[in-house]
Amino acid sequence: MESVENNNKIPLVSVVMITWNRKDLLRQVLGNLLRQTYRRYEVIIADNASTDGTARMIKEEFPQVVFVQLKENCGIKGYNIALEHAHGEYVMIMDDDSFFEDEGIEKAVKKFQQFFMLGALGCKVYNYYSKEVHYWHPTIREDDFSGQGFDSPLFNGCAAAARMSVLKEVGFYPEEFFLYENERDLCTRIINAGYEVKYFTDISVYHMVLPEQGINKRRVFYATRNLIWYFWKYLPLRTAFGRTAFVVALSVLSGIRKFALITYLKPVGAAFCGLPKILRIRAPIKKKYIKKVLY
């Protein structure tokens, strides 16, 4: 970390995280960070009011970490608060249950130095326990490889990287989203500003996530609501209407199939109730970028 070695000839990297009641996983993540081959980096963690002793653990075991204690769980806003404390030329965005391969930061920095218009990048994400790859990208699969990267509409937010100057230009995460789809919103603004978002299969990330049991109601609510909001915030009205109709239909079918109609329709209702607020900040993207942000 920055306190371990300070060499001003190489760029400073800011590793930013938010955490909430994941003390043991976070300890493992921070321990893995110490193995990075890239040595000039700082770590900033915004704690969304954890009650499991996270603050004490960090202060006692990782005193070099910049720790920001928040008074309440403010969701994705925590990243924005952490970013306000960051001084790096590049930013590594991490969840508190994910970590980069030992060469991860070094590889990411080299990508930004190689591709001058690269605004943000995503990585190949493995499930830490099963060793399987998360197929979050619309077209790329495990055996696809290119050091040049693949154009992508967004990155997997559990571990990604961005150029700080670009983030300052387009703005940070959308705080009204609270959770989920925030990466899509940010990457759309990056692409609309003329920068590239790429997916690199030669940078590996490990996500310590177990299979979910049953319906994740929180994920269903925020992902569905925010996706509809995203449509009306950035897309042409006709496209927004069509995409919204598809999501509503899919929500109804999912609710019927899983015998949880209220769970799947609740976020749809919340999305429509919040549309006036979203329409007030509506910022349609340039037509030439619409295909790049959709899949």
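Numbers for residues simply follow the sequence, beginning at 1.
More than 12 non-hydrogen atoms from other residues, nucleotides or ligands lie less than 6.0 angstrom from CG of Leu210. Atom NZ of Lys266 has 12 or fewer neighbouring heavy atoms from other residues, nucleotides or ligands inside a 6.0 Å radius. Heavy atoms from other residues, nucleotides or ligands lying under 6.0 Å from NZ of Lys71 number 12 at most. Within a 6.0 Å sphere centred on CZ of Phe241, heavy atoms belonging to other residues, nucleotides or ligands number 12 at most.
Contact detail for Pro153 and Val293: the closest heavy-atom pair is CB-O, 3.6 Å. Closest of all the heavy-atom pairs between Gly157 and Tyr79 is O-OH, 4.3 Å. Closest approach of Gly88 and Met164 over heavy atoms only: O-CB, 3.4 Å. A pairwise comparison of heavy atoms in Pro11 and Gln113 identifies CG-NE2, 3.8 Å as the closest pair. Ile278 and Trp232 get closest at one heavy-atom pair: CG2-C, 4.3 Å. Nearest heavy atom pair, residue Tyr199 against residue Cys123, reads CE1-O, 3.2 Å.
A heavy-atom distance below 4.5 Å is found between the side chains of Val29 and Met17. Looking at Leu26 and Ile45, their side chains come closer than 4.5 Å, going by heavy atoms from C-beta outward. Residues Leu275 and Trp229 have side chains in contact (heavy-atom distance under 4.5 Å, counting atoms from C-beta outward). The shortest distance between side-chain heavy atoms of Lys168 and Ser165 does not fall below 4.5 Å. With a 4.5 Å cut-off on side-chain heavy atoms, His207 and Asp97 count as touching. Side-chain contact check for Ile105 versus Tyr90: every heavy-atom pair is 4.5 Å or farther apart. Side chains of Ile18 and Asp96 form no contact here, defined as non-hydrogen atoms less than 4.5 Å apart. Side-chain contact check for Lys111 versus Phe200: some heavy-atom pair is nearer than 4.5 Å.
A cation-pi arrangement, defined by a distance under 6.0 Å to the six-membered ring centre and an angle within 45 degrees of its axis, is present between Lys131 and Tyr128. Figure legend: Lys233 and Phe177 shown as a cation-pi pair, the cationic atom lying under 6.0 angstrom from the six-membered ring centre and within 45 degrees of its axis.
From Leu154, atom CG reaches atom CG of Leu294 across 11.0 Å, with rounding to the nearest 0.5 Å. One finds the CG atom of Leu83 at 6.5 Å from the CD1 atom of Ile93 (value rounded to the nearest 0.5 Å). Rounding to the nearest 0.5 angstrom, the gap separating the CZ atom in Arg35 from the CG atom in Asn32 is 4.0 Å. Interatomic distance, Ile58 CD1 to Ser50 OG, rounded to the nearest 0.5 Å: 8.0 Å. Atom-to-atom distance recorded for Phe100:CZ and Leu33:CG is 9.0 Å, nearest 0.5 angstrom. The NZ atom of Lys107 lies 9.0 Å from the OG1 atom of Thr37; values are rounded to the nearest 0.5 Å.
Cluster membership for Leu250 and Phe221, using ILVMFWY side-chain heavy atoms within less than 4.5 angstrom, is not shared. Under the 4.5 Å side-chain contact rule for hydrophobic residues, Phe116 and Leu121 do not share a cluster. The hydrophobic cluster containing Tyr222 does not contain Val220, counting ILVMFWY residues as joined when their side-chain heavy atoms lie under 4.5 angstrom apart, directly or transitively. Linking ILVMFWY residues whenever their side-chain heavy atoms come closer than 4.5 Å, directly or via other members, places Leu227 and Ile285 in the same cluster. Note: the hydrophobic cluster containing Val125 does not contain Tyr180 (ILVMFWY, side chain heavy atoms under 4.5 Å, direct or indirect links).
Looking at Asp95, its side chain never comes within 3.5 Å of a backbone N or O of Ser98 through a donor-acceptor pair. The closest donor-acceptor contact from the side chain of Arg40 to the backbone of Ile10 lies under 3.5 Å. No donor-acceptor pair closer than 3.5 Å links the side chain of Arg22 to the backbone N or O of Thr54. The backbone N or O of Ala49 lies less than 3.5 Å from no partner atom in the side chain of Asn73, so there is not a single donor-acceptor pair. With Asn80 contributing its side chain and Tyr173 its backbone, the two residues share a donor-acceptor pair below 3.5 Å.
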Show which side-chain atoms of residues 188-198 pair as donor or acceptor with protein atoms under 3.5 Å away, not counting sequence neighbours.
from	atom 1	to	atom 2	distance (Å)
Thr188	OG1	Arg184	O	3.0
Thr188	OG1	Tyr230	OH	2.6
Arg189	NE	Asp185	OD1	2.9
Arg189	NE	Tyr234	OH	3.2
Arg189	NH1	Val170	O	2.9
Arg189	NH1	Gly171	O	3.1
Arg189	NH1	Phe172	O	3.0
Arg189	NH2	Phe172	O	2.6
Arg189	NH2	Asp185	OD1	2.8
Asn192	OD1	Lys286	N	2.8
Tyr195	OH	Glu169	OE1	2.6
Lys198	NZ	Asp151	OD1	3.4

Note to self: Would Ile281 and Glu176 count as a side-chain contact (heavy atoms from CB on, under 4.5 Å) here? Give the steps.
What the structure shows: CA-CA 11 Å; Ile281 58 174; Glu176 68 273 9; 3.7 Å; yes
Item checked: Stepwise side-chain contact (heavy atoms from CB on, under 4.5 Å) check, Val109 with Glu106 -> CA-CA 5 Å; Val109 170; Glu106 183 178 358; 6.0 Å; no
Notebook entry, point to check: Yes or no on side-chain contact (heavy atoms from CB on, under 4.5 Å) for Ile81 and Ile44, after CA distance, side-chain angles and deciding distance?
Noted result: CA-CA 10 Å; Ile81 295 172; Ile44 304 102; over 6 Å; no
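Ring geometry, Tyr206 versus Tyr126: the interplanar angle falls under 30°, so the pair is classed parallel (tilted spans 30 to 60°).
Salt bridge annotation for Glu60-Arg56: present, with a cationic side-chain nitrogen under 4.0 angstrom from a carboxylate oxygen. Between Lys23 and Asp52 no salt bridge is recorded (no basic side-chain N to carboxylate O distance below 4.0 Å). Electrostatic pairing of Glu61 and Arg27 counts as a salt bridge here, judged by a charged N lying under 4.0 Å from a carboxylate O.
Applying the ring pair (Phe, Tyr, Trp, His ring centres under 6.0 Å) test to pairs two or more places apart or on separate chains, none has a residue in residues 254-283.
Residues forming a salt bridge (Lys or Arg N to Asp or Glu O under 4.0 Å) with Arg163 (at least two apart in sequence, or on another chain): none.
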